[in-house]
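Notes follow the structure.
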Amino acid sequence: MNDTLASAPHQAGGTPVEPAGMLRRQHSLATLRSIIAAWDERKRFRWELEQMAKDNPHLIDDIGLTRRQVEAEIAKPFWRR
C-alpha cells in the first residue's frame with residue numbers, strides 16, 4: 001500500500017509533480033510556438049519589404065539595400081533566415 005502512494009504523481013503537502021514526459025512536451029510546445037512566431041515574423045517582414053519595393057522603391061535605397069538584395073530576400077522561403 002505504501003509503495004502505491006509513494007509512486008503517485010504528487011508530493012506530500014498536495015503539490016503536484018509533473019511527469020518528465022509532460023515537461024518535455026511542454027518544452028517542445030514552447031519551442032514549436034517560438035519557431036512558428038519566427039516564421040510568421042519573417043513572412044511578414046518579406047511581405048512588407050516587397051510592398052515597400054513596389055510602392056516606394058526610393059525607400060529601399062534609404063535603408064541601404066540594393067534592388068538585387070531585396071529580390072533575394074523576398075525570394076527566400078519563410079523558414080530560411
Do the side chains of T66 and D61 get nearer than 4.5 Å, heavy atoms only? no
Could you tell me which non-hydrogen atom of A53 sits nearest to which non-hydrogen atom of R67, and how far apart they are? CB-NH1, 2.9 Å
side-chain contact (heavy atoms from CB on, under 4.5 Å) partner of W47, chosen from K43, Q51, R44: Q51
E73 versus E50: any side-chain heavy-atom pair under 4.5 Å? no
Is there a donor-acceptor pair under 3.5 Å between the side chain of R46 and the backbone N or O of A75? no
Min side-chain heavy-atom separation L49-I63 under 4.5 Å: yes
How far apart are the C-alpha atoms of R81 and K76, what are their side-chain angles, what is the distance that settles it, and do they pass the side chain to side chain contact (heavy atoms under 4.5 Å, CB included) test? CA-CA 8 Å; R81 289 183 188 213; K76 287 181 188 178; 5.7 Å; no
Just wondering, are more than 12 heavy atoms of other shown residues or ligands nearer than 6.0 Å to CD in E41? no
So do M52 and V70 actually touch side chain to side chain, heavy atoms under 4.5 Å? no
W39 and F78 have their tightest heavy-atom pair at CE3-CE1, 3.3 Å
